[in-house]
Amino acid sequence: MNYAIIDELITKAFAEDFPYGDITSESLLAADAVLEAVLIAKESGIIAGLEVFNRVYTLLGQVNCRFFCQDGTEVQQGQELGVITGNAVNLLKGERTALNFIQRLSGIATLTRQYVNALAGSRTKLLDTRKTTPGLRYLEKYAVAVGGGHNHRFSLSDGILIKDNHIAAVGSIREAVARVRGRYGAMRKIEVEVETLAMVDEALAAGADIIMLDNMEIETMKKAVLAIGGKAVTECSGGIGLQQLGQLGNIGVDYISSGALTHSYSSLDLSLRKKQSVI
């Protein structure tokens with residue numbers, strides 16, 4: 001993992017959560033008090049973000065995290081995931097920051113695994129999108145990968161995707177593809193978003209490398225995949241839920257992209273249970 005990115009995010013979280021210290025813990029506990037706590041899964045799911053959790057306490061110092069599982073592990077409700085031991089003030093000070101990260105990342109990994117399982121038996125791969133929380137894209141896309149999904153573009157600089165507004169701005173798919181080819185030649189793959197069978201034909205004629213079938217009915221999508229016939233990579237997107245995945249996997253599309261993975265997940269319920277006595 002990229003610690004420079006993670007440490008910057010954690011440092012910002014610290015500034016938000018205890019800008020002038022933890023005035024409760026610092027008032028109640030001696031500076032050298034030691035506390036032990038257990039990280040527990042309060043519901044079943046896929047764990048992601050243990051290293052981020054650990055990094056919170058590495059940056060605070062004087063706290064050790066010992067985990068009993070690793071990212072990608074399917075855990076059960078009530079399962080103990082690790083023991084956190086060390087300076088009591090720092091342990092309590094970092095609790096919410098550490099849990100905020102791991103609960104959200106585990107929620108994304110859990111939802112992603114559900115999508116991946118729904119596609120089991122097909123050759124279709126699951127992609128994420130750029131519909132991420134501002135500033136947290138690196139971690140959220142990491143969680144998708146932990147859940148078994150694949151990462152699409154990390155940024156607009158990573159790949160060419162000609163969408164409906166681009167097409168409207170220049171007048172046609174053919175013109176949009178021609179302009180990109182004129183700038184990059186064959187050095188960049190070009191993906192084009194289409195909504196109708198006529199647009200599929202236009203994208204093929206223009207030489208698109210990847211054709212995204214956006215918000216199409218299942219029957220229309222089947223016809224589109226047949227028309228493309230392997231002449232371009234296929235991707236489908238647009239409001240795709242778990243109940244549709246089995247059907248989509250069966251029509252032979254190469255990829256399914258879903259923004260829901262990173263914007264419609266539920267955080268996995270995890271908690272730190274402190275032992276009664278301070279060591």
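Count residues from 1 along the sequence. The figures here come from the full heavy-atom set of this structure, side chains too, leaving out hydrogens, waters and symmetry mates.
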Under 6.0 Å from the six-membered ring centre of Phe154 and within 45° of its axis: does the NZ or CZ of Arg137 meet both?
-> no

Verify the distance criterion only: is there a donor paired with an acceptor across the side chains of Gln114 and Tyr265 at less than 3.5 Å?
-> no

Scanning both residues in full, the closest heavy-atom pair of Leu270 with Ala41 reads CD2-CA, 3.6 Å

Hey, any chance Leu139 and Val146 share a hydrophobic cluster, counting ILVMFWY side chains that come within less than 4.5 Å of each other, even indirectly?
-> yes

Among Asp214, Asp209, Leu213, the one residue meeting side-chain contact (heavy atoms from CB on, under 4.5 Å) with Ile211 = Leu213

Kindly say whether Gly94 contributes a backbone atom to a donor-acceptor pair with the side chain of Thr97 at under 3.5 angstrom?
-> no

Flag the pair Thr132 / His263 as yes when at least one side-chain heavy-atom distance between them is below 4.5 Å, and no otherwise.
-> no

Is a donor on one side and an acceptor on the other found under 3.5 Å between the side chain of Ser106 and the backbone of Gln103?
-> no

Before giving the answer on salt bridge (Lys or Arg N to Asp or Glu O under 4.0 Å), spell out for Lys141 and Asp128 the whole-Å C-alpha distance, their side-chain angles and the decisive distance to 0.1 Å.
-> CA-CA 7 Å; Lys141 281 182 171 282; Asp128 56 21; 2.6 Å; yes

Backbone N or O of Ile108 within a donor-acceptor pair of the Glu140 side chain at under 3.5 Å?
-> no

With side chains defined as the heavy atoms from C-beta onward, is the minimum distance between Ile10 and Phe101 less than 4.5 Å?
-> yes

Start with the C-alpha distance between Tyr142 and Asp71, add both sets of side-chain angles, then the distance that settles side-chain hydrogen bond (donor to acceptor under 3.5 Å, both in side chains), and finish with yes or no.
-> CA-CA 10 Å; Tyr142 166 78; Asp71 280 0; 2.5 Å; yes

For residues 170-179, dump all side-chain donor-acceptor pairs below 3.5 Å to protein atoms at least two apart in sequence or in another chain.
residue, atom, partner, partner atom, Å
Ser172, OG, Glu175, N, 3.0
Glu175, OE2, Arg179, NE, 2.8

Counting N and O atoms only, with roles assigned by atom type, does the side chain of Ser44 sit under 3.5 Å from a partner on the main chain of Gln77, one being a donor and the other an acceptor?
-> yes

Is the backbone N or O of Gln247 less than 3.5 Å from a side-chain atom of Asn250, with the two atoms forming a donor-acceptor pair by type?
-> no

Hey, are the side chains of Lys42 and Leu268 touching, using non-hydrogen atoms and a 4.5 Å cut-off?
-> no

Under a 4.5 Å side-chain heavy-atom rule over Ile, Leu, Val, Met, Phe, Trp and Tyr, are Leu197 and Leu204 clustered together?
-> no

What heavy-atom pair brings Leu92 and Leu29 nearest, and what distance separates the two atoms?
-> CD1-CD1, 3.6 Å

Going only through I, L, V, M, F, W and Y residues with side-chain contacts under 4.5 Å, is there a path from Met216 to Val233?
-> no

Polar side-chain atom of Ser155 near backbone of Ser157 as donor-acceptor pair, under 3.5 Å | yes

Applying ring pair (Phe, Tyr, Trp, His ring centres under 6.0 Å), which residue pairs with at least one partner in residues 6-30 are found, sequence neighbours left out?
-> Phe14-Phe18

Shortest non-hydrogen contact between Cys65 and Asn54, atoms and distance = CB-OD1, 3.4 Å

Minimum side-chain heavy-atom gap Leu126-Thr112 below 4.5 Å | yes

Answer yes or no: is there a donor N or O on one side and an acceptor on the other, between the side chain of Glu8 and the main chain of Ile5, under 3.5 Å?
-> no

Minimal heavy-atom distance between Asp164 and Glu193, with the atoms involved, is N-OE2, 3.3 Å

Reported CG-to-OG1 distance for the pair Leu261 and Thr110, which is rounded to 0.5 angstrom = 11.5 Å

Keeping the roles fixed (side chain from Arg55, backbone from Ala98), state whether a donor-acceptor pair exists under 3.5 Å.
-> no

4.5 Å side-chain heavy-atom contact, Glu26 and Lys93 | yes

Checking Arg104 side chain against Ser267 main chain: does a donor-acceptor pair fall under 3.5 Å?
-> no

Whether over 12 other heavy atoms sit under 6.0 Å from Leu226 CG | yes

Between Leu127 and Ile256, is any pair of side-chain heavy atoms under 4.5 Å apart?
-> no

Lys12 atom NZ, over 12 foreign heavy atoms within 6.0 Å | no

Interatomic spacing from CG in Leu156 to CG in Leu161 - rounded to 0.5 Å = 9.0 Å

Any donor-acceptor pair under 3.5 Å from Arg273 side chain to Ile40 backbone | no

Nearest heavy-atom approach of Val83 to Phe68 is CG2-CZ, 3.5 Å

Shortest non-hydrogen contact from Ile84 to Leu91?
-> O-CD1, 3.6 Å

Cationic N near anionic O, under 4.0 Å, Asp201 to Lys231 = no

Listing, residues 234-244 side-chain donor-acceptor contacts under 3.5 Å, not counting sequence neighbours, or none:
residue, atom, partner, partner atom, Å
Thr234, OG1, Asp254, N, 3.0
Thr234, OG1, Asp254, OD2, 3.1
Glu235, OE1, His152, NE2, 3.4
Glu235, OE2, Ser257, OG, 2.7
Ser237, OG, Ser257, OG, 3.1
Gln244, OE1, Gly241, N, 2.9

Given the rule in the side-chain hydrogen bond (donor to acceptor under 3.5 Å, both in side chains) test, do Tyr57 and Glu95 qualify, once you have shown the distances and angles that lead to the verdict?
-> CA-CA 9 Å; Tyr57 286 113; Glu95 176 181 2; over 6 Å; no

